[in-house]
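Remarks on the structure that follows.
The first residue in the sequence is number 1, and the count goes up from there. None of the values given here were measured: they were computed from a predicted structure.
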Amino acid sequence: MSAPPLRGIRVIELAGLAPGPFAGLLLADYGASVLRIDRPKAISADLLTRHKSSITLDLQDPRSRDVLLRLLTATDVLIDPFRPGVLERLGLSPTEVLLKQNPRLIVARMTGFRRDGKYKDMAGHDINYIAVSGVLSMLGRSGDKPFAPGNILGDFAGGGAMCFLGIILALIARTGTGRGQVVEANMVDGSAYLATFPRLARKTAAWDGPRGENLLDGGCPYYDTYETKDGKYFAVGALEPQFYAALLRGLGLDSKTIPAREDRGNWGALRELFTDRFREKNRAEWEAVFDGTDACATPVLEVDELEAAGYDQRPAVHLTKTPAYPVIADEGGWVSGGLMAGDGGEETLRGWMGWEPNKDFLVRKDGAIVSVDGRAKL
């Protein structure tokens, strides 16, 4: 097998939380060398640090900023997780400074709200971004308030993963143009894009009802979860008629004696029937019934039990010729020790630039790296 597909790509990740580090993690897992830039005396809560290294820079100090600028001359990607305007105020404008210094650089700018929208100067979190995208309004049970699915949809799917996609597209474009560009990702547009299907489906019978009363949002009894006798849960997704027939066989029900599923007016009665039936056995007993069938009925496995069973976490996609680095259980698969400021950074500077401490750069007492006599050696 060959090396991972991004081997040789150099990435500088300005320290942040969630989406920026996740984009960096995806790049690192697929072979890129990712160097995180930490602030002096900052204690990072970032756990998405697999395969990364770190140095500390004080971007308010011109000597530290000089180190960053010179590193960027040998860098392929810069991940910017800050609010709009932060890089510009630091004298690091992507178009006016960074791309002029390194025309091949890809500057990936990750924001929560749209950079040109009414909320651009406001603080926010995942729940706020998916709220103004329209996606949150579609999530939740009938008659209940909208329900945010953790921070998976905004931060990671609509944010970090979309930013990663933009970086890959920019790298592909660079092979033809020879030039880098600014990639602008935000969690509002990313989340809204992920919701393309349900948004369009609202014009069809599949999703034209109120929240929680549609085919795929918890309204349908044969696309839902059910509690088992032991307090665990089973997931049912028997949409097609042949799968629904297999579900009924497993539950010991006869389609001729129960309400017809085609009539939405019967959905409440069917849900009650399925609820009572699933409570008759524990989860393991239902697994024995449905394993190997086409009933689209599976256990809701819990994260703790997967970890205890040694479930192997894997990269997002497998490339048969140029696979990603493996996900090791105690190195970010199930447990992450994080990445302390400065970990592995000097080795990265040596590998990227040939720099040596006290010769090509200095280290302040607070750990921040600064240039020698105002300039870091190329």
Heavy-atom pair with the smallest gap, counting every atom of [X] and [Y]:
| X | Y | value |
| --- | --- | --- |
| A324 | D29 | CB-O, 3.1 Å |
| P5 | L319 | CG-CD1, 3.5 Å |
| A18 | D155 | CB-OD2, 3.6 Å |

Count the heavy atoms belonging to other residues, nucleotides or ligands that lie under 6.0 Å from [atom1] of [X], then report whether that count exceeds 12.
| X | atom1 | result |
| --- | --- | --- |
| E272 | CD | no |
| R314 | CZ | no |
| R179 | CZ | no |
| L69 | CG | yes |
| Y223 | OH | no |

Any salt bridge between [X] and [Y], counting N to O under 4.0 Å?
| X | Y | answer |
| --- | --- | --- |
| D144 | R211 | no |
| R36 | D46 | yes |
| K41 | D366 | no |
| K256 | D254 | no |
| D224 | R271 | yes |
| R277 | E280 | yes |
| D263 | R261 | no |
| R50 | E331 | no |
| R114 | D189 | yes |
| R63 | D61 | yes |

**Asked** Should the pair R141 and F147 be classed as cation-pi, given the thresholds of under 6.0 Å to the six-membered ring centre and 45° from the axis?
**Response** no
Within the structure provided, determine whether [X] and [Y] are in side-chain contact (heavy-atom separation under 4.5 Å).
| X | Y | result |
| --- | --- | --- |
| E13 | V34 | yes |
| L301 | R283 | yes |
| R279 | E227 | yes |
| L247 | L253 | no |
| S93 | L87 | no |
| S336 | T49 | yes |
| C220 | L216 | no |

**Asked** Can we call the ring centroids of F113 and Y129 under 6.0 Å apart?
**Response** yes
**Request:** Assess the pair F234 and Y226: is the distance between their ring centroids shorter than 6.0 Å?
**Result:**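 Between Y226 and F234, which both carry aromatic rings, the centre distance is not below 6.0 Å.
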**Gap between atom CD1 of I55 and atom CD1 of I369 - 0.5 Å precision** = 4.5 Å
**Item:** Nearest-0.5 Å distance that lies between atom OG in S142 and atom CG in N214
**Value:** 9.5 Å
**Steps toward side-chain hydrogen bond (donor to acceptor under 3.5 Å, both in side chains) verdict (T228, W286)** = CA-CA 8 Å; T228 55; W286 284 120; over 6 Å; no
**Request:** Kindly determine whether L153 and V135 satisfy side chain to side chain contact (heavy atoms under 4.5 Å, CB included), including the steps that lead there.
**Result:** CA-CA 9 Å; L153 181 54; V135 178; 3.3 Å; yes
**Message:** F22: which residues meet the ring-ring contact (aromatic ring centres under 6.0 Å, His included) condition with it, sequence neighbours left out?
**Reply:** F156
